[in-house]
Amino acid sequence: MTAWSPGRRDKAIEGLVSLACREVWRSSEHGELIVSRIKAAIADENPVVRMTATRAFRAVFAGDSAPSRIRILGKLLRSEPNSNVRNVLLRILGSEAHGSPQEVDEVLRELANEPNRATDEAEGEANEDEGVDPTVDILMFLAMNHHTPFATDSVRRWVTTAPQSGEALRAIHVVRNYLAPTADPTVQDRAFDMVATAACTSLARWNRNPDEHVPNADLPRTNLNELQHALKVMESSASQIYFASGAFDGKRSDFVPAPDASHERFAVLALPVLLTCARTKVAPIVHHVVETLVFLAPLNERRALLAIAEAIAADGVYAYDPLSSNVVIPYLKRRLAEHRQLVLLDEGGVAAFRKILAAFASAGNESALELAFTFADVFR
């Protein structure tokens, strides 16, 4: 374990950074000296000094144009060997992405095309955020909001190789706001296209060889890693859609907001991705799918009922999951109370209702068995 305590130079730079970040000091008689010392510290041989000084980058280069700042950042990033300092610089670069997306995209392309080079171990005092490479987050922002060429190509490459791509999983972890019902329709289309591609690619890998799913199968490490990664991608895809939908919001308060008109477009885009994820036959994934469909049901009750039946039918063990009946059985009871025509007279609705109820009754669920006997007409 490496311990670090600040020295006099470190404390001095911290003080100068605090001064440089205040306009009143930058415009004072000492302003030029403060700024020049910070700029020198950004190129210091000590990574702790560099990282501390870099936090004042926006302040000391405030008078430069955005393209000029981005060029300086690109130069610093190309020469920076320390991972923590690089991450601070990347976050500053990311803050320029909204105003100058094309320029930031080009810098990231140049960095990606550089030959791989070893970086020093992170030194000094760094918080957890500084230890996380923000490149994927920046590229996602550029691809979703601005459709810049390098970012768009990068995201497409990640999702088409999702079972082998760590970047794909990271990208899906930050996709929620782009999926949201309130998102710009163009951005939402790009986000759902990305998640749909990742889910389809991962499902294809998951189902490629049934022998790989035999209990205690002796798999090569590469195959096992791909299967695990494919599953994580689909689990994350389903959960991000679930959270983006607003279905989770009702769990945090007594009031459950009903989906509104903005959710209809979301529901149409989400449905095929959710059903793709449900085909994994993995109970936790199916549960997120079902919870989302139950929340969106008021938009189109028949569509939701048929989709839930398909999701549950795709998973032979979901009905045995202890969490499942707490969602599905109350849903079925509400359908009988509020939409009797759908579940008792509509041909497709009857078949879907019967399929769901039969799955839980076969699993020995007492509530499902009671419901089946009470409304035996659905089994005629």
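Keep in mind that the numbers below use all heavy atoms, side chains included, and drop hydrogens, waters and symmetry copies.
- Under a cut-off of 6.0 angstrom, the local environment of CZ in R176 is crowded, with over 12 non-hydrogen atoms contributed by other residues, nucleotides or ligands.
- There is a path of hydrophobic side-chain contacts, each under 4.5 Å, that joins V343 to V294.
- Within the 4.5 Å cutoff, side-chain heavy atoms of L77 are placed close to those of L90.
- The hydrophobic cluster containing I312 does not contain L369, counting ILVMFWY residues as joined when their side-chain heavy atoms lie under 4.5 angstrom apart, directly or transitively.
- A distance-only check finds no donor-acceptor pair linking the side chain of S100 to the backbone of A97 [under 3.5 Å].
- F266 places none of its side-chain heavy atoms less than 4.5 Å from the side chain of S262.
- The side-chain tip of K39 points at the ring of F61 from less than 6.0 angstrom away and within 45° of straight on.
- Residues Q102 and T148 are in side-chain contact: their nearest non-hydrogen atoms beyond the backbone lie under 4.5 Å apart.
- Residues L332 and V328 form a side-chain contact, since some pair of their non-hydrogen atoms from C-beta on lies under 4.5 Å apart.
- Salt-bridge annotation for E23 and R26: present, with a side-chain N of the basic residue lying under 4.0 Å from a carboxylate O of the acidic one.
- Side-chain contact between E103 and R71 is absent, with no heavy-atom pair separated by less than 4.5 Å.
- Under the 4.0 Å criterion applied to side-chain N and carboxylate O atoms, R190 and D184 are not assigned as salt-bridge partners.
- In this structure the side chain of L111 reaches within 4.5 angstrom of the side chain of R78, judged on heavy atoms.
- Contact check on E167 versus R157 returns no salt bridge, with no Lys/Arg side-chain nitrogen under 4.0 Å from an Asp/Glu carboxylate oxygen.
- Shown are L76, I72, V49; of these, the side-chain contact (heavy atoms from CB on, under 4.5 Å) with I42 is made only by L76.
- Evaluated for a side-chain contact (heavy atoms from CB on, under 4.5 Å) with Y331, the options V290, L305, N326, L293 yield exactly one hit, L305.
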field: R58/D64 under salt bridge (Lys or Arg N to Asp or Glu O under 4.0 Å): CA gap, chis, key distance, verdict
entry: CA-CA 9 Å; R58 292 296 297 270; D64 292 56; over 6 Å; no
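- In this structure, F243 and F248 have perpendicular ring planes: the angle between them is above 60°, well past the 30° mark.
- More than 12 non-hydrogen atoms from other residues, nucleotides or ligands lie less than 6.0 angstrom from CG of N300.
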task: Evaluate the criterion side chain to side chain contact (heavy atoms under 4.5 Å, CB included) for residue pair D260 and H263; output intermediate values, then yes/no.
output: CA-CA 6 Å; D260 55 30; H263 284 76; 3.0 Å; yes
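- With 3.5 Å as the limit, one finds a donor-acceptor pair spanning the side chains of E212 and N223.
- With respect to the salt-bridge test (charged N to carboxylate O, under 4.0 angstrom), the residues E370 and K333 do not qualify.
- Salt bridge absent: R50 and E45 never bring a charged side-chain N and a carboxylate O closer than 4.0 Å.
- Surrounding CD of E366 are at most 12 heavy atoms belonging to other residues, nucleotides or ligands under 6.0 Å away.
- Results of the side-chain contact (heavy atoms from CB on, under 4.5 Å) test with S202 over V233, L231, L169, N207 single out V233 as the only residue that passes.
- T135 has its side chain out of reach of I138: every pair of non-hydrogen atoms, C-beta onward, lies at least 4.5 Å apart.
- For Y178 and F192, the ring centers sit 6.0 Å or farther from each other.
- Around CZ of R334, the count of heavy atoms belonging to other residues, nucleotides or ligands within 6.0 Å exceeds 12.
- Taking all atoms of both residues into account, the shortest heavy-atom contact from S325 to N365 is CB-ND2, 3.1 Å.
- Using a 4.0 Å cut-off between charged side-chain N and carboxylate O, E310 and R279 make a salt bridge.
- At a threshold of 4.0 Å, the pair K232-E235 does not count as salt-bridged, since none of the basic side-chain nitrogens sits closer than that to a carboxylate oxygen.
- Contact annotation: the side chain of F360 approaches that of Y318 to within less than 4.5 Å [non-hydrogen atoms, C-beta and beyond].
- A56 and I38 get closest at one heavy-atom pair: CB-CG2, 4.1 Å.
- Between E264 and R303 there is a salt bridge, with a side-chain nitrogen of the basic residue lying less than 4.0 Å from a carboxylate oxygen of the acidic one.
- Atom NE2 of H213 sits in a crowded spot, with more than 12 heavy atoms from other residues, nucleotides or ligands closer than 6.0 Å.
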query: What's the verdict on side chain to side chain contact (heavy atoms under 4.5 Å, CB included) for F141 and H98, showing C-alpha distance, side-chain angles and the deciding distance?
result: CA-CA 8 Å; F141 174 84; H98 183 69; 3.8 Å; yes
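- Under the 4.5 Å side-chain contact rule for hydrophobic residues, L224 and M234 share a cluster.
- A salt bridge is defined here as a Lys NZ or Arg NE, NH1 or NH2 lying under 4.0 Å from an Asp or Glu carboxylate O, and R86 with E80 fails to meet this definition.
- A single hydrophobic cluster is not seen to contain both V24 and L33; linkage of ILVMFWY side chains at heavy-atom distances under 4.5 Å, directly or through other members, places them apart.
- Look at R170 and D133 and you find no salt bridge, because none of the NZ, NE, NH1 or NH2 atoms lies under 4.0 Å from a carboxylate O.
- Both L299 and I241 belong to a common hydrophobic cluster when Ile, Leu, Val, Met, Phe, Trp and Tyr are linked at side-chain heavy-atom distances under 4.5 angstrom.
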